2 protein chains.
Amino acid sequence: MLSIGDLSRRTGVKVPTIRYYEQMGLLPPEGRTEGNQRRYGHAGLERLAFIRHARDLGLPIEAIRELTALDGSDCAKAHPIAKRHLSDIRRRIEALRGLEAELARIAAACDGSEGACRTLAAFGDHDRCESSHGRS
Amino acid sequence: MLSIGDLSRRTGVKVPTIRYYEQMGLLPPEGRTEGNQRRYGHAGLERLAFIRHARDLGLPIEAIRELTALDGSDCAKAHPIAKRHLSDIRRRIEALRGLEAELARIAAACDGSEGACRTLAAFGDHDRCESSHGRS
DNA sequence: CCTAATTCCTCTAGCGGCTAGAGGTTCAAG
DNA sequence: CTTGAACCTCTAGCCGCTAGAGGAATTAGG
């Protein structure tokens, strides 16, 4: 049986975060000691890895709750969650690419040693950027 | 003179958000009416556009405060802020690209009509992903 | 077996960047 | 002058944690 600290060390997830996941209904402990301390087994370890991985992928807690509520074989439900999130990620990448281009333009605006600064002006200037970012 | 609502309509920034920016020290109103309502001029409009643009670019409030504190010509200080943020954006794009690849793999895991679901398994499986994402 | 150090417990509050609502005042049009 | 829209301040909530207080349990060493 693993203590919450053991679980933390093995997964790299901080102790308060593990308790937070439990509070969110993602990771109930296998049991408690007489003194009320959480104990986890192998299943808990795997489940936390699952949660952590999904979080790293950017899935919100809510989506993870949906996934973990599935009994482990209900693909028809799991698949659209993954797909939805994939298109979400792609949208974010596109947005960031636009920002990257523009920030590069801004950062370049004063690389030389010209007279007046144009970096600040570039920050305020939305007209020059092709991509219509933001305002979401 | 523009009311806060006028400013909101012209920039697309919501009224409470404008008040929030003021609270954060980014956008002091030009003045107030006798009845204590905020009034803005052209400068306020430009400043809000600047703030909004910088926010769209992902700059944190703190960085924007640094920028707006510059008197408008201190490029030596503005430039590193832009550069720092550019590398930040690039890092985020790289991370997202890794996640995209992995989510695509996950979403593909059960596209067919095979027997067992692998989408869920793929969510929990960190070993198969080349990119070492997350854990930051 | 006892002590001391470490880990654990719960609870509350804070972060950033807003957003929403209550409850009251001021403004502008008719 | 009346109405209704827009304004004011203040407080609380969102997400996903993170940090700290104050106290109880566990574990290692003597």
Side-chain angles (χ1 to χ4, degrees), chain A residues 1-40 44 48 50-68 85 88 92 95 99 133-136, chain B residues 1-40 44 48 50-68 85 88 92 95 99 133-136:
Chain A
M1 283 303 209
L2 302 164
S3 72
I4 197 169
D6 296 333
L7 206 59
S8 172
R9 273 182 293 280
R10 293 207 195 191
T11 58
V13 179
K14 290 180 183 169
V15 168
T17 305
I18 295 173
R19 288 197 273 248
Y20 171 74
Y21 288 157
E22 177 182 348
Q23 208 184 310
M24 294 297 101
L26 297 185
L27 182 64
E30 240 111 299
R32 299 262 185 160
T33 64
E34 282 194 21
N36 199 34
Q37 300 198 354
R38 294 165 179 85
R39 288 302 119 128
Y40 303 87
L48 182 51
F50 178 98
I51 294 166
R52 200 57 251 194
H53 196 194
R55 280 295 305 135
D56 285 347
L57 288 168
L59 278 102
I61 298 279
E62 175 56 29
I64 299 174
R65 194 170 15 231
E66 286 175 38
L67 285 173
T68 53
H85 200 64
D88 200 64
R92 278 156 64 188
L99 303 188
H133 57 71
R135 291 298 182 285
S136 57
Chain B
M1 282 304 212
L2 301 165
S3 73
I4 197 170
D6 296 332
L7 206 58
S8 172
R9 273 183 293 281
R10 293 206 194 191
T11 58
V13 179
K14 289 179 185 170
V15 168
T17 306
I18 295 174
R19 289 198 273 247
Y20 172 74
Y21 288 157
E22 177 183 347
Q23 207 184 312
M24 294 297 101
L26 297 185
L27 182 64
E30 241 111 298
R32 299 262 186 161
T33 64
E34 282 195 20
N36 200 34
Q37 303 198 352
R38 294 164 178 85
R39 290 299 121 125
Y40 302 87
L48 182 52
F50 179 98
I51 294 167
R52 200 57 250 191
H53 196 193
R55 282 295 304 132
D56 285 346
L57 289 169
L59 277 103
I61 298 280
E62 175 56 29
I64 299 175
R65 195 168 17 230
E66 284 174 38
L67 285 174
T68 53
H85 200 65
D88 201 64
R92 276 155 65 188
L99 304 188
H133 57 70
R135 291 297 184 284
S136 57

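It should be emphasised that the depicted structure is a prediction, and the values quoted were computed from it without experimental measurement. Below, chains carry the letters A, B, ... as their sequence lines are ordered, and counting in each starts from 1.
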In residues 12-29 of chain A, what donor-acceptor pairs under 3.5 Å come from side-chain atoms, sequence neighbours left out?
| unit_1 | atom_1 | unit_2 | atom_2 | d |
| --- | --- | --- | --- | --- |
| A:Tyr21 | OH | A:Arg52 | NH1 | 3.2 |
| A:Glu22 | OE1 | A:Arg38 | NE | 2.6 |

Axis bend over the full length of the helix from C:dC1-D:dG30 to C:dG30-D:dC1, computed from five pairs that close each end, to 10 degrees: 0°
For [X] and [N], what is the distance between atoms [atom1] and [atom2] respectively, to the nearest whole Å?
X	N	atom1	atom2	answer
B:Ile4	D:dT9	CD1	C1'	12 Å
A:Gln23	D:dC17	CD	C1'	11 Å
B:Ile18	D:dC7	CD1	C1'	12 Å

Taking 5' to 3' order, which nucleotide of DNA chain C is first and which is last to have an atom within less than 4.0 Å of a heavy atom in chain B?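 The contacted stretch runs from C:dG17 to C:dC27.
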List for me each residue that meets salt bridge (Lys or Arg N to Asp or Glu O under 4.0 Å) alongside [X], sequence neighbours excluded, and say none if there are none.
X	answer
A:Arg10	none
B:Glu34	none
B:Arg39	none

Nearest atoms (heavy-atom pairs only) where A:Arg55 meets A:Leu59: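 Looking at all heavy atoms of both residues, the closest pair is NH1-O, 2.6 Å.
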With rounding to the nearest 0.5 Å, note down the distance linking NE2 in A:His53 to CD1 in A:Ile51. 13.0 Å
Starting at CG of B:Leu7, measure out to CG of B:Leu48 and round the result to the nearest 0.5 Å.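 Taking CG in B:Leu7 and CG in B:Leu48, the distance rounds to 5.0 Å.
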Do any of residues 29-39 of chain B sit with a heavy atom less than 4.0 Å from DNA chain D, and if so which? B:Arg32, B:Asn36, B:Gln37, B:Arg38
Identify the pairs formed between an N or O of the protein and an N or O of nucleotides 13-16 of chain D at a distance under 3.5 Å, and give each distance.
none

Given side-chain contact (heavy atoms from CB on, under 4.5 Å), test B:Leu67 with B:Phe50 step by step and report yes or no. CA-CA 10 Å; B:Leu67 285 174; B:Phe50 179 98; 4.1 Å; yes
State which residues pass side-chain contact (heavy atoms from CB on, under 4.5 Å) with B:Asp6; sequence neighbours excluded, sorted by chain then number.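 Result, side-chain contact (heavy atoms from CB on, under 4.5 Å) vs B:Asp6: B:Leu2, B:Ser3, B:Arg9.
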Which is more 5' along DNA chain D, the nucleotide nearest B:Val15 or the one nearest A:Lys14? Just name the residue.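 Here B:Val15 is the residue nearer the 5' end.
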